[in-house]
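Some notes on the structure that comes next.
None of these values were measured; they are calculated from a predicted model. Read the numbers this way: they start at 1 and go in the same order the structure lists the ligands and their atoms.
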Amino acid sequence: MGNKRKEECRIVSQEELLDGIYSMWLQTEEIAEEALPGQFLSLYSRDGSRILPRPISICEINREKKQIRLVYRVAGKGTEEFSRYHPGISLSVVGPLGNGFPVKEAEGKTVFLMGGGIGIPPLLETAKQIRGDVKVIAGYRDKQFLTEEFARYGGVFVATEDGSVGTKGNVMDVIREKELKADMIMACGPTPMLKAIKAYAEERGIPCYLSLEERMACGIGACLACVCQSKEVDAHSHVHNKRICKDGPVFLSTEVEL
Ligand code: FES
């Protein structure tokens with residue numbers, strides 16, 4: 001799945017989309033040409049006190065300009081540091097990392113792209129690349145972001161926990177309320193949401209790809225914080241451990257235990 005590289009990437013733009021959620025475009029050399037939707041980059045701190053990088057998923061790819069967009073939430077010292085940098089500053093970046101979503105398999109199909117919170121951004125490039133009937137189902141706590149951009153590539157259905165926008169509840173409530181149907185599902189978000197989607201897909205025999213990227217810490221195989229249980233589909237339910245950052249972050253729902 002491509003060759004990862006280490007590059008010094010200049011920040012082209014950085015803006016806060018809403019409280020604590022930032023959108024940053026990076027100028028790459030080769031990374032943008034190799035990158036696939038659902039893959040991620042690992043960004044190194046410029047402040048020498050943090051040795052391990054932070055993985056951030058790819059939100060959009062501009063191959064012509066060789067740029068990559070990251071939309072991330074400030075969730076600790078590393079991401080807080082990145083959010084402070086202005087255009088012109090360069091960051092050390094390794095990528096593209098991980099396997100990504102199988103967009104070609106979705107050709108001609110009705111596909112649900114289901115995202116929760118900061119799991120929503122990687123679905124944008126995915127939506128852009130799928131040649132099929134894309135239905136984006138996005139779950140937010142209260143305020144929405146990126147929904148206008150998703151509307152260019154498919155139908156958009158929103159759920160908010162407080163009901164201030166769209167369906168009150170979560171992404172599963174949207175499917176029930178709107179009576180939506182899919183041939184394939186791709187999803188990214190918190191584990192409880194992915195669990196519900198996995199159960200829904202498996203009951204109906206719908207192929208379902210889950211990105212477990214929210215559980216990653218270093219992104220480069222060094223910290224082992226991302227180990228998950230996986231079962232080989234064809235063996236006699238042998239249980240194996242997989243590292244999400246090395247073997248994923250995208251897995252077929254039937255391959256992993258959540
Ligand atoms: Fe550190 Fe996978 S995130 S080993």
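- Arg69 and Ser23 share a side-chain donor-acceptor pair at under 3.5 Å.
- For CZ of Arg141, the number of neighbouring non-hydrogen atoms (other residues, nucleotides, ligands) closer than 6.0 Å is 12 at most.
- Looking at Gln27, its side chain does come within 3.5 Å of a backbone N or O of Lys65 through a donor-acceptor pair.
- Here the side chain of Glu7 pairs a donor or acceptor atom with the backbone of Ile31 at under 3.5 angstrom.
- Aromatic ring orientation, Tyr72 versus Tyr22: parallel (interplanar angle below 30°, classes split at 30° and 60°).
- Relative to the ring axis of Tyr85, Arg46 places its NZ or CZ within 45° and under 6.0 Å from the centre.
- Here the protein contributes Cys226 SG, Cys245 SG as N, O or S atoms under 2.8 Å from atom 2 (Fe) of ligand 1.
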